[in-house]
Enquirer: 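Let me give you the structure first, and then I'll get to my questions.
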Amino acid sequence: MGLLQLWLPVLAVLTGMVAQEGRGDTRVGDRSWMVAQEGGGTPRPKWDITAHHNTSTSPLLSPDLYRKVFVFRKDPSDAYVVLQAQLEQPLRNFTVCLRSYTDLSRPHSLFSYATKGQDNEILLFKPKPEEYRFYVGGKFVTFRVPEGRREWEHVCASWESSTGIAEFWLNGKPWPRKGLQRGYTVGATAAILLGQEQDSFGGGFDVYNSFSGELTDVYLWDAGLSPDKMRAAFLSLRLPPALLAWNSLSYQVKGDVVVKQRLREVLGA
């Protein structure tokens, strides 16, 4: 009898472990990213890069993207790419460059840099085929361009705080300089996105301002580039070290974006 009394507690523990293993986690999935729509109804996803996303998400990547592109496949789209940059201090000068290929005629965002205090801290936006808008600190200047012929377009935009001078280059050629936000400072803690315009820090997207097509050769410098370097960026020649550099880009895909080889070459690339 004494031996049986010793074994009873052990049997009770083993029985509990088997029951727990058979029961498992009864949750269907992690729904912490869902919020109810106003007035009830089916929950909808939060549009925020700090939360889970309703579409596929890649891990943080830093591969060599030489001769490769991001393909944003859908139109309109909720997809985007998050870029990781190590900014040690606020920006008083900067240059952003990229190359795009699209047949969109509606408004779309190319490069969105938002801080918690200003969602359009830096924004390259194309409201229509013959116009670019360059935002710094929520203000913008407009650069009118010839309507594209469904070719690759390479753009660079730079800004200098001390003078407020904004430069815009299209396919290696400068446009007349304009004045923008003299004395302003761009915040360093930022959410940097390709493919969507942020109306809040890391979110607040409008799918009808989303990008559809191909993007490549994305760079961000904490200085204004010289004319020679602007042309070098267009021609894909050697460039100075950058905060964001295409061939060593740290990024995370959110949604339906695919990395593919270029189907056709662009000048100098």
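Bear in mind the structure is a predicted one, so any value in this text is a computation, not a measurement. Note that the numbering runs from 1 along the sequence shown for the chain.
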Enquirer: Checking D217 against S236 for the side-chain contact (heavy atoms from CB on, under 4.5 Å) test, could you report, in this order, the C-alpha distance in whole Å, the side-chain angles of both residues, the deciding distance, and whether it holds?
Expert: CA-CA 8 Å; D217 294 344; S236 297; 3.8 Å; yes
Enquirer: Using a 3.5 Å distance criterion without hydrogens, assess whether the side chain of Q198 forms a donor-acceptor pair with backbone atoms of A191.
Expert: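 Checking the backbone N and O of A191 against the side chain of Q198, a donor-acceptor pair under 3.5 Å is found.
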Enquirer: So, taking the atom named CD in E153 and the one named CZ in R99, what distance separates them when rounded to the nearest 0.5 Å?
Expert: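 Answer for the CD-CZ pair, E153 versus R99, is 11.0 Å.
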Enquirer: Hey, are the side chains of F134 and L124 touching, using non-hydrogen atoms and a 4.5 Å cut-off?
Expert: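 Yes, at least one pair of side-chain atoms sits under 4.5 Å.
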Enquirer: Could you grab the distance from atom OG of S100 to atom CD of E214, nearest 0.5 Å is fine?
Expert: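 So the gap between those two atoms works out to 10.0 Å.
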Enquirer: For residues L244 and Y113, determine if any side-chain heavy atom of one lies less than 4.5 Å from a side-chain heavy atom of the other.
Expert: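 Result no, sub-4.5 Å side-chain heavy-atom pair not found.
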Enquirer: For G137, does its backbone N or O pair with a side-chain atom of Q181 as donor and acceptor, under 3.5 Å?
Expert: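 Side chain of Q181 to backbone of G137: a pair is present.
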Enquirer: Okay, side chain of T115, backbone of G187: is any donor-acceptor separation there less than 3.5 Å?
Expert: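 Checking the backbone N and O of G187 against the side chain of T115, no donor-acceptor pair under 3.5 Å is found.
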Enquirer: Does some side-chain heavy atom of L249 sit less than 4.5 Å from a side-chain heavy atom of L83?
Expert: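 Counting from C-beta outward, L83 and L249 do come under 4.5 Å.
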Enquirer: Which residues, ordered by chain and number, are linked to F140 in its hydrophobic cluster, where ILVMFWY side chains connect at heavy-atom gaps below 4.5 Å, directly or through other members?
Expert: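 L123, F125, Y135, listed by chain and number.
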Enquirer: Which distance, rounded to the nearest 0.5 Å, do you find between the CG of D222 and the CD of Q89?
Expert: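 These two atoms lie 7.5 Å from each other.
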Enquirer: Side chain of R182, backbone of S162: donor and acceptor closer than 3.5 Å?
Expert: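 Checking the backbone N and O of S162 against the side chain of R182, a donor-acceptor pair under 3.5 Å is found.
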Enquirer: With rounding to the nearest 0.5 Å, note down the distance linking NZ in K229 to CG in L239.
Expert: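 One finds 7.0 Å between NZ of K229 and CG of L239.
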Enquirer: How long is the straight-line distance from CD of E197 back to CZ of F205, given to the nearest 0.5 Å?
Expert: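 Separation between the atoms: 10.0 Å.
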Enquirer: Any donor and acceptor pair, going by atom type alone, linking the side chain of S212 with main-chain N or O of K74 inside 3.5 Å?
Expert: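 Indeed, once roles are kept as given, a pair shorter than 3.5 Å links the two residues.
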Enquirer: Hey, does S200 have a side-chain heavy atom less than 4.5 Å from the side chain of D119?
Expert: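 No - every pair of side-chain heavy atoms lies 4.5 Å or more apart.
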Enquirer: Output every pair passing ring pair (Phe, Tyr, Trp, His ring centres under 6.0 Å) with a member in residues 208-230, not counting sequence neighbours, ordered by first then second residue.
Expert: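 Only F72-F211, H108-F211, Y219-W221 qualify under ring pair (Phe, Tyr, Trp, His ring centres under 6.0 Å).
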Enquirer: Heavy atoms, side chains only, cut-off 4.5 Å: are F70 and V218 in contact?
Expert: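 F70 does not reach V218 side chain to side chain.
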Enquirer: Under 4.5 Å between any side-chain heavy atoms of N171 and F234, yes or no?
Expert: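 N171 reaches F234 side chain to side chain.
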Enquirer: With a 3.5 Å distance limit and no angle check, can you tell me whether S210 reaches the backbone of S77 through a side-chain donor-acceptor pair?
Expert: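 Flag set: sc S210 to bb S77 pair under 3.5 Å.
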Enquirer: I want to know whether F143 and W169 have ring centres closer than 6.0 Å.
Expert: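 No, they do not, as the ring centres are separated by 6.0 Å or more.
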Enquirer: Would you check if the distance from the ring center of F168 to the ring center of Y132 is below 6.0 Å?
Expert: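 For F168 and Y132, the ring centres are under 6.0 Å apart.
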Enquirer: Hey, could you give me the CG/CH2 distance between L220 and W246, rounded to the nearest 0.5 Å?
Expert: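 Here the rounded value is 14.0 Å.
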Enquirer: Hey, does E121 have a side-chain heavy atom less than 4.5 Å from the side chain of L91?
Expert: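 No - every pair of side-chain heavy atoms lies 4.5 Å or more apart.
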Enquirer: Of all the heavy-atom pairs spanning T95 and G224, show the shortest one and how long it is.
Expert: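 Where T95 meets G224 most closely, the heavy atoms are OG1-CA, 3.3 Å.
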Enquirer: Are any non-hydrogen side-chain atoms of V155 and F111 less than 4.5 angstrom apart?
Expert: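 Result no, sub-4.5 Å side-chain heavy-atom pair not found.
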Enquirer: Where is the tightest heavy-atom contact between P90 and A188, given as atom of each residue plus distance?
Expert: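 P90 and A188 have their closest heavy atoms at N-CB, 3.8 Å.
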Enquirer: Sequence neighbours excluded and cut-off under 3.5 Å, please list the side-chain donor-acceptor pairs for residues 173-180, or say none.
Expert:
residue: W175; atom: NE1; partner: R144; partner atom: O; Å: 2.7
residue: K178; atom: NZ; partner: T142; partner atom: O; Å: 2.4

